[in-house]
Amino acid sequence: AGMNGTAIENFVCVIYNVSFMNCTWHVGRTASGDTQYFLYWKASRKEDLTECQNYIKDNCGRHTGCRFQNVTIENKKAYFLVNGSRSGQNIQSHEKMIMLYEIEKLTPPLNVTVNCREASHVCEISWQPPRTSHVKNHACFKYEIVIEDK
């Protein structure tokens, strides 16, 4: 239900620094300036929908995103619902299912060290895997090293 073009567009979520998640969207094409959006989500079927507690707002004060803390991935599929309100008009809702592990932006590898021996022109580079909440097998990571001669 709701007038065409009032639903949000370009809904995107990203998880970063292991447990923080930002979800953002664009205001609907035909949504008026007094339209307000509300994001609800649940990280599993067993949970109840909960509303965003930390909205990102545009210059008009409309909600255009949400910041989450303490998000756990654990290969979960999350359900998102964004609906809206405006006096005298129904706003179209937007629903999306997202596999949380697919939207995680990994941290860089940790504790990178380089030890070079000038006499043999050999360098040893070592590091620890990036922090993540859901990858238990560190053999899953592949690394690429770019060496620039200076």
Side-chain angles (χ1 to χ4, degrees), residues 1-114 125-150:
M3 195 171 100
N4 283 342
T6 57
I8 63 159
E9 299 175 349
N10 301 319
F11 182 82
V12 176
C13 295
V14 175
I15 295 175
Y16 62 97
N17 285 348
V18 180
S19 63
F20 295 94
M21 180 170 69
N22 280 0
C23 295
T24 58
W25 58 84
H26 296 137
V27 171
R29 296 182 307 280
T30 63
S32 61
D34 63 344
T35 300
Q36 188 57 279
Y37 295 102
F38 304 95
L39 171 64
Y40 300 87
W41 85 301
K42 61 180 181 175
S44 73
R45 289 183 179 170
K46 298 174 188 172
E47 295 180 30
D48 292 327
L49 281 174
T50 56
E51 185 180 354
C52 170
Q53 299 298 307
N54 189 9
Y55 282 108
I56 300 166
K57 298 179 182 182
D58 67 9
N59 293 339
C60 299
R62 292 178 294 196
H63 299 157
T64 57
C66 184
R67 293 183 182 96
F68 299 93
Q69 296 180 13
N70 303 318
V71 174
T72 55
I73 296 175
E74 299 172 358
N75 296 329
K76 291 182 184 173
K77 185 185 287 187
Y79 169 76
F80 295 86
L81 167 68
V82 181
N83 61 21
S85 67
R86 176 183 174 239
S87 57
Q89 181 186 25
N90 288 332
I91 305 299
Q92 290 178 319
S93 61
H94 177 86
E95 299 178 39
K96 190 166 188 177
M97 298 288 280
I98 298 175
M99 294 298 292
L100 294 179
Y101 71 89
E102 292 178 349
I103 62 169
E104 181 178 20
K105 183 173 179 160
L106 296 172
T107 64
L110 303 170
N111 300 326
V112 177
T113 59
V114 179
I125 305 169
S126 62
W127 60 86
Q128 293 175 334
R131 291 176 38 233
T132 177
S133 67
H134 72 286
V135 177
K136 305 301 182 220
N137 182 356
H138 294 300
C140 293
F141 290 109
K142 292 184 180 181
Y143 302 94
E144 180 177 320
I145 299 172
V146 177
I147 300 173
E148 295 179 6
D149 188 19
K150 293 187 176 185

Partners meeting salt bridge (charged side-chain N to carboxylate O under 4.0 Å, His left out) with E47 (sequence neighbours left out):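 Checked E47 against salt bridge (charged side-chain N to carboxylate O under 4.0 Å, His left out); zero matches.
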
Using every non-hydrogen atom in the two residues, find where [X] and [Y] come nearest and quote the distance to one decimal.
| X | Y | answer |
| --- | --- | --- |
| I103 | C13 | CB-O, 3.4 Å |
| Y143 | P129 | OH-CA, 3.3 Å |
| A31 | Y37 | CB-OH, 3.3 Å |
| S93 | L81 | CB-CD1, 3.9 Å |

message: For residues 86-99, which residue pairs pass the salt bridge (Lys or Arg N to Asp or Glu O under 4.0 Å) check, not counting sequence neighbours?
response: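 Counting only pairs at least two positions apart or across chains, the salt bridge (Lys or Arg N to Asp or Glu O under 4.0 Å) contacts touching residues 86-99 are D34-R86.
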
Residue pairs, two or more places apart or on separate chains, that pass salt bridge (Lys or Arg N to Asp or Glu O under 4.0 Å) and touch residues 58-71: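 Sorted result for residues 58-71: D58-R62.
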
Residues forming a side-chain contact (heavy atoms from CB on, under 4.5 Å) with T30, sequence neighbours excluded: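 So T30 forms a side-chain contact (heavy atoms from CB on, under 4.5 Å) with M3, T6.
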
- prompt: Can you list the residues that meet the side-chain contact (heavy atoms from CB on, under 4.5 Å) rule with S85, with sequence neighbours excluded?
  reply: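 For S85 the side-chain contact (heavy atoms from CB on, under 4.5 Å) partners, ignoring immediate neighbours, are Q36, F38.
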
Apply side chain to side chain donor-acceptor pair (under 3.5 Å) to [X] and list each qualifying residue two or more places apart in sequence or on a separate chain.
| X | answer |
| --- | --- |
| E51 | Y55 |
| T132 | E104, H134 |
| N4 | Q92 |
| N70 | none |

Can you tell me how far the [atom1] atom of [X] sits from the [atom2] atom of [Y], to the nearest 0.5 Å?
| X | Y | atom1 | atom2 | value |
| --- | --- | --- | --- | --- |
| N17 | R131 | CG | CZ | 6.5 Å |
| L110 | W127 | CG | CH2 | 12.5 Å |
| Q53 | L39 | CD | CG | 10.5 Å |
| I91 | N83 | CD1 | CG | 9.5 Å |
| D48 | K42 | CG | NZ | 7.5 Å |
| K77 | L100 | NZ | CG | 11.0 Å |

field: All ring-ring contact (aromatic ring centres under 6.0 Å, His included) counterparts of F11, not counting sequence neighbours
entry: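 For F11 the ring-ring contact (aromatic ring centres under 6.0 Å, His included) partners, ignoring immediate neighbours, are F80, H94.
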
Would you be so kind as to tabulate the donor-acceptor pairs closer than 3.5 Å made by side chains of residues 20-28, with sequence neighbours excluded?
| from | atom 1 | to | atom 2 | distance (Å) |
| --- | --- | --- | --- | --- |
| W25 | NE1 | H63 | O | 3.0 |
| H26 | ND1 | N10 | ND2 | 2.7 |

message: Do W41 and C52 have side chains that approach each other closer than 4.5 Å (heavy atoms only, starting at C-beta)?
response: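 No, too far: nothing below the 4.5 Å cut-off.
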
